[in-house]
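Reminder, nothing fancy here: chain letters follow the sequence lines and each chain counts from 1.
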2 protein chains.
Amino acid sequence: MELEGIIGKIRGRGYKATPQRVAVLEAISAEQHQSLEGIRSRCPGVGMVTVYRTLDLLSGLGLVRRLDLGDGPRYELAEDHHHHLICEDCGSVAEFEQCPLDPRQLPEVGGDFEVRAHSLEVYGRCSACR
Amino acid sequence: MELEGIIGKIRGRGYKATPQRVAVLEAISAEQHQSLEGIRSRCPGVGMVTVYRTLDLLSGLGLVRRLDLGDGPRYELAEDHHHHLICEDCGSVAEFEQCPLDPRQLPEVGGDFEVRAHSLEVYGRCSACR
DNA sequence: CCGTAACTGAAAAAAAATTTCAATAAGGTA
DNA sequence: TACCTTATTGAAATTTTTTTTCAGTTACGG
């Protein structure tokens, strides 16, 4: 759990590491790609408004990623580089680490676009649904 | 413009090609990755509920893709295979055709996951913002 | 410690999405 | 062509989600 590092980044950028923000962060780190509801239920003491604002802040800082995998928005820690396998039948989401991007081609795609990050979602059917 | 083909697919699956659905389809095809508001303003005669339902239907049929590029949901025709360059400064969205995925690696990522499609978003800064 | 600017949260408001249901119309059939 | 059946539409109401407001609170540098 690298929460310490993330908290350090929050402070480093001039924001306060309040208990509420830390609680939201812990909630997010408990499980990847959670719904808002899931996050909220993991930090019941934090007001809804603060959860929204904290997610905005952390997304803006690039510490948290916001996903749309079909239903409502989902959130996850942006620490590690990984991608998603989304089952179109049951909606389950799995992750995989091995990035199938060809690194030689990525810099070319954009011309003078400065690439900073990327996000890949793979859709299909999971083994259980086959 | 391949609307005829898409309309054929709607009918082929047993759904009716109503004027409202065609109007929504034309609105979507007018510009890629539009917001709901943009689509609505391009087919003012179609009620909001019908727009929502049509987008659900077309997404379900795989004819339209739903995106989350940062702000609200966006939609585009799913005909052609392309990906997105999203500028984190100004929010502009560009497309590119050349898919940088290594096709040899993709089948392996999922184990027994059956891959049907994928979606790639590249984040960074556009040339204008540099 | 103190002071201050950043932060929180309850309530209210606004925005977005969904449900309901009576009326309508597409598209097959005779 | 007229008809019939069933899918579809849309206005209104409802529900859900997100944002705004603002008075009170707190983190943290000095």
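Put simply, the side chain of Y15(A) reaches to within 4.5 Å of the side chain of L61(A), judged on heavy atoms. Residues L55(B) and L36(B) meet the side-chain proximity criterion, which asks for heavy atoms closer than 4.5 Å. At least one side-chain heavy atom of V24(B) sits under 4.5 Å from a side-chain heavy atom of I28(B). For the pair H84(B) and H33(B), the minimum side-chain heavy-atom distance is below 4.5 Å. L63(B) places none of its side-chain heavy atoms less than 4.5 Å from the side chain of L77(B). With contacts defined as side-chain heavy-atom distances shorter than 4.5 Å, the pair I7(B)/L25(B) qualifies. Annotation: side chain of H118(A) is in contact with side chain of H83(A) (closest heavy-atom distance under 4.5 Å). Between V122(A) and I86(A), the closest side-chain pair of non-hydrogen atoms is not below 4.5 Å.
A salt bridge between E88(B) and R125(B) is absent, with no side-chain N of the basic residue lying under 4.0 Å from a carboxylate O of the acidic one.
A straight line from CG of D71(B) to C1' of dT19(D) spans 15 Å, rounded to a whole angstrom.
No side-chain donor-acceptor contact under 3.5 Å links R74(A) and Q32(A).
Annotation: proximity of residues 50-65 of chain A to DNA chain C (heavy atom, distance under 4.0 Å) is found for T50(A), R53(A), numbered in ascending order. Listed by residue number, the members of residues 33-46 of chain A with any heavy atom below 4.0 angstrom from DNA chain C are G45(A), V46(A).
Just one residue in the list L85(B), L67(B), L69(B) forms a side chain to side chain contact (heavy atoms under 4.5 Å, CB included) with V93(B), and that residue is L69(B).
Using a 4.5 Å cut-off between side-chain heavy atoms of Ile, Leu, Val, Met, Phe, Trp and Tyr, with links allowed through other members, Y123(A) and L120(A) fall into different hydrophobic clusters.
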The contact string for nucleotides 24-30 of chain D, one letter per nucleotide 5' to 3', using protein heavy atoms under 4.0 Å with B, S and - for base, sugar-phosphate only and none, comes out as ---BS--
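Consecutive Watson-Crick or G-U pairing (both distances under 3.5 Å) extending over three or more pairs maps onto DNA chain D as C:1-30 with D:1-30.
One N or O on the side chain of Q34(B) and one on the backbone of E31(B) form a donor-acceptor pair closer than 3.5 Å. A side-chain donor-acceptor contact under 3.5 Å links R130(B) to the backbone of D112(A).
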Nucleotides 12-16 of chain D: which of its N/O atoms have a protein N/O under 3.5 Å away?
none

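Residue pairs satisfying the side-chain hydrogen bond (donor to acceptor under 3.5 Å, both in side chains) criterion with at least one member in residues 50-67 of chain B, sequence neighbours excluded, are listed as follows: D68(A)-R66(B), R65(B)-E76(B).
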